Number of protein chains: 2
Amino acid sequence: MSVQNGLSRRERQILDILFKHGRATAAVVHADLPDRPSNSAVRAHLRTLEEKGHVKHEAEDLRYVYSPVVQPAKARKSALRHLVETFFEGSPAKAAAALLDSNAARLSDDDLDRLSSLIDKARKEGR
Amino acid sequence: MSVQNGLSRRERQILDILFKHGRATAAVVHADLPDRPSNSAVRAHLRTLEEKGHVKHEAEDLRYVYSPVVQPAKARKSALRHLVETFFEGSPAKAAAALLDSNAARLSDDDLDRLSSLIDKARKEGR
DNA sequence: GACGATGTGTTAGTTTTCTAGCAGGTTGTC
DNA sequence: GACAACCTGCTAGAAAACTAACACATCGTC
């Protein structure tokens, strides 16, 4: 169903790091992982993820660079839906409000303009 | 570190359902769980979650009603931060934009007004 | 009181996750 | 060539997750 099913805790963590970085070597993934597992364990998991089809690797001067197979956009969307569903009663507006509310200080003018125009657009479509 | 660490896949699923419902009996959790595990397994997991301190139960005419121990608000915040971090390069604005963009049709006028005022507020604070 | 439906607790066993350790291959330096 | 410093693959075993099955309690109905 969801993109994130069938994955163990570690696999999920690793996949998240790959989404975050776009592409990364085993060493980078390892460095980003909480509670520092062994490097060997990380590589094993990456291989498993590849077997399961969630990840692919390219050889790049002697090391492997891993990247997610699922389109980031798709994974994003799925993650958003899941979050909205479990924490915001299915209301994207509530989720968006929470985002803006707790992070207002960190929004640039450009960001605000873009959001405004999105809201205007929604207004027009709503009529 | 994060609220969602140290949990297995199933435990995470169960906890998400509790967040979604607020409070729920073992049977409800069971019904909402994908790939239908045994009822007994669900109860065992709930007990484990309680041991770990993520969940509490109250006896309510003969059955147990479970609810998350962590403040929903806190869990929400943590989940949002994680999502923004892994999928939106740490930019809440990008996340909010994605929410509005793909769900414009589902926003009510009230929602839009609320969002607008949040944006205005951010504008003022930004100066 | 006997029965079924529905709830819980606990146990024991399987399956999956997770890991360290070893073997081997390439590159660069001495 | 020997060595260190990287990297990969693989394997066996420990640890944790996951589960079914059984035992027992309560309630309502016959």
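Keep in mind it's a predicted model, so treat the numbers as computed, not measured. Each chain gets a letter, A, B and so on, in the order its sequence line appears, and its residues count up from 1.
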Below 4.0 Å: OP1/OP2 of D/dA20 and any side-chain N or O of B/S38: yes
Short side-chain N/O contact to D/dC18 OP1/OP2 from B/R10, under 4.0 Å: no
Touch class at under 4.0 angstrom, heavy-atom based, for A/S8 against every strand present: sugar-phosphate
Test log, rule side chain to side chain contact (heavy atoms under 4.5 Å, CB included), inputs B/R23 and B/E58: CA-CA 10 Å; B/R23 31 189 284 118; B/E58 298 160 314; 2.9 Å; yes
Between A/D120 and A/S117: side-chain donor-acceptor atoms closer than 3.5 Å: no
B/D111 versus B/S108, side-chain donor and acceptor atoms under 3.5 Å: yes
Protein-nucleotide distance ([X], atom [atom1]; [N], atom [atom2]), rounded to Å:
{"X": "A/R47", "N": "D/dC7", "atom1": "CZ", "atom2": "P", "value": "14 Å"}
{"X": "B/N39", "N": "D/dC22", "atom1": "CG", "atom2": "P", "value": "16 Å"}
{"X": "A/R12", "N": "C/dC18", "atom1": "CZ", "atom2": "P", "value": "13 Å"}
{"X": "B/L49", "N": "D/dA16", "atom1": "CG", "atom2": "C1'", "value": "14 Å"}
{"X": "A/L46", "N": "C/dT17", "atom1": "CG", "atom2": "C1'", "value": "15 Å"}
{"X": "B/D35", "N": "D/dA20", "atom1": "CG", "atom2": "C1'", "value": "16 Å"}
{"X": "B/I14", "N": "D/dA17", "atom1": "CD1", "atom2": "P", "value": "12 Å"}
{"X": "A/H45", "N": "C/dT16", "atom1": "NE2", "atom2": "C1'", "value": "10 Å"}

Sole candidate of A/V55, A/L7, A/L33, A/T48 that passes side chain to side chain contact (heavy atoms under 4.5 Å, CB included) when paired with A/I14: A/L33
Nucleotide of D/dT19, C/dC18, D/dG9 approaching A/Y64 most closely (side-chain heavy atoms): D/dG9
B/R63 side-chain proximity, nearest of D/dA20, D/dT8, C/dT8: C/dT8
Donor-acceptor pair present, A/R43 side chain and D/dG9 base, under 3.5 Å: yes
Whichever of A/L62 and A/S40 has its nearest DNA chain D nucleotide further upstream toward 5': A/L62
Test log, rule side chain to side chain contact (heavy atoms under 4.5 Å, CB included), inputs A/N39 and A/R43: CA-CA 6 Å; A/N39 168 283; A/R43 291 182 286 117; 2.7 Å; yes
